[in-house]
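Report on the following structure.
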Amino acid sequence: ISNCASEIHLPFVPYGYNSRDAKNIGTYHFYVDDYRFNNIWDDPTKIINSGCRAIVEPNISLFDATPIAYGLHMIYKKRWIARYLQTFGINVFVDLNVAQKFMEFNVLGVPADWHAFATRGYAGRIDGLEKELELAQKIANNSNDFTFIVYGGGKKVKEFANLQNITYIEQVMTDKKH
């Protein structure tokens with residue numbers, strides 16, 4: 001599949017963690033506050049010019065209270081920006097981190113056999129993580145040849161990732177005060 005990420009390129013950096021003019025980013029992810037990446041819709045060139053080799057699709061905050069129509073619009077936007085960046089040779093991990101209400105909508109447009117996924121880990125949401133992993137396996141046609149990244153979430157999430165043989169990446173602390 002064209003520009004489906006096949007590996008994690010380091011550094012694995014939250015968008016907005018460093019200067020938006022930074023170069024030689026391995027993989028950008030968007031498990032940050034939405035306001036930090038709202039500008040990419042109007043001008044994705046900072047990502048393109050960073051030299052990054054891969055991205056996790058922008059993680060739009062979608063909650064159970066979010067209207068379906070708005071959620072579909074935001075899913076379209078993240079899928080569009082990912083596809084656009086692919087035209088510049090940037091590989092993509094599909095972001096699966098949405099409220100349960102949007103789980104099936106969130107994979108609209110993801111090709112069958114896609115094999116690169118990412119999500120945000122939360123210690124109090126292991127059941128959601130299990131469902132996201134099952135969905136990824138289903139899309140990858142139950143192949144063992146797929147990548148599933150879990151970003152952050154602490155000890156319980158790390159233990160889950162180890163048991164499932166999936167990649168766990170420690171969360172980068174972005175608050176400059178701590």
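Just so it is clear, the model here is predicted, and its values are computed rather than measured. Reckoned from all heavy atoms, side chains included, excluding hydrogens, waters and symmetry mates.
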When rounded to the nearest 0.5 angstrom, what is the spacing between CG in Leu85 and OG1 in Thr87? 7.0 Å

Can you name the residues that form a side-chain hydrogen bond (donor to acceptor under 3.5 Å, both in side chains) with Thr167, not counting sequence neighbours? none

Atom pair CZ/CZ of Phe93 and Phe12 - distance to nearest 0.5 Å: 7.0 Å

Verdict with reasoning, Ile90 to Asn3, per side chain to side chain contact (heavy atoms under 4.5 Å, CB included): CA-CA 7 Å; Ile90 297 172; Asn3 293 101; over 6 Å; no

Partner set under side-chain hydrogen bond (donor to acceptor under 3.5 Å, both in side chains) for Thr45, not counting sequence neighbours: Asp43

Pairs involving residues 61-88, ordered by first then second residue, that meet salt bridge (Lys or Arg N to Asp or Glu O under 4.0 Å) (sequence neighbours left out): Glu57-Arg79, Lys78-Asp95

Nearest 0.5 angstrom please: Thr66 OG1 to Lys101 NZ, how far? 6.5 Å

For the residue pair Leu135 and Phe117, establish whether any side-chain heavy-atom pair is separated by less than 4.5 Å. no

Residues at least two apart in sequence or cross-chain that pass ring-ring contact (aromatic ring centres under 6.0 Å, His included) with Tyr84, listed by chain then number, are Trp80, Phe88

From Ile169 atom CD1 to His29 atom NE2, the distance as rounded to the nearest 0.5 Å: 7.5 Å

side-chain hydrogen bond (donor to acceptor under 3.5 Å, both in side chains) with Asn49: which residues, sequence neighbours excluded? none

Should Asn59 and Arg120 be marked as a side chain to side chain contact (heavy atoms under 4.5 Å, CB included) after you check the CA-CA gap, both sets of side-chain angles, and the distance that decides it? CA-CA 9 Å; Asn59 174 251; Arg120 174 75 171 84; 5.7 Å; no

Tyr168: side-chain hydrogen bond (donor to acceptor under 3.5 Å, both in side chains) partners, not counting sequence neighbours: none

Evaluate the side chain to side chain contact (heavy atoms under 4.5 Å, CB included) criterion for residues Val107 and Trp114: first the C-alpha distance (whole Å), next the side-chain angles of each, then the deciding distance (0.1 Å), finally the verdict. CA-CA 10 Å; Val107 294; Trp114 193 264; over 6 Å; no

Quick note, side chain to side chain donor-acceptor pair (under 3.5 Å) partners involving residues 152-165, not counting sequence neighbours, are none

Validation row: Phe148, Leu96 side chains within 4.5 angstrom (heavy atoms): yes

Holding to side chain to side chain contact (heavy atoms under 4.5 Å, CB included), I want the full list of residues that pass it with His9, two or more places apart in sequence or in another chain. Glu7, Thr27, Arg53, Ala54, Asn91

For Ala123 and Val157, which heavy atoms make the closest approach, and how far apart are they? N-CG2, 3.8 Å

Do other residues, nucleotides or ligands put more than 12 heavy atoms under 6.0 Å from Asn38 CG? yes

By the salt bridge (Lys or Arg N to Asp or Glu O under 4.0 Å) test, which pairs, at least two apart or in different chains, include something from residues 162-171? none

Taking every heavy atom of Pro58 against every heavy atom of Ile40, the minimum-distance pair comes out as CG-CD1, 3.7 Å

Contacts satisfying side chain to side chain donor-acceptor pair (under 3.5 Å) that involve residues 123-133 (not counting sequence neighbours) are Asn97-Arg125, Gln100-Lys131, Thr119-Glu132, Arg125-Glu132

Nearest 0.5 Å please: distance from the CD1 atom of Ile81 over to the CD1 atom of Ile60. 10.0 Å

Taking ring-ring contact (aromatic ring centres under 6.0 Å, His included) as the definition, give me every residue that meets it alongside Phe30, ordered by chain and number, with sequence neighbours left out. Tyr15, Phe37

Could you tell me which residues satisfy side chain to side chain contact (heavy atoms under 4.5 Å, CB included) with Phe105, sequence neighbours excluded, listed by chain and number? Ile68, Leu72, Ile75, Phe102, Leu108

Inter-residue atom distance Tyr122.OH - Leu129.CG, 0.5 Å rounding: 11.0 Å

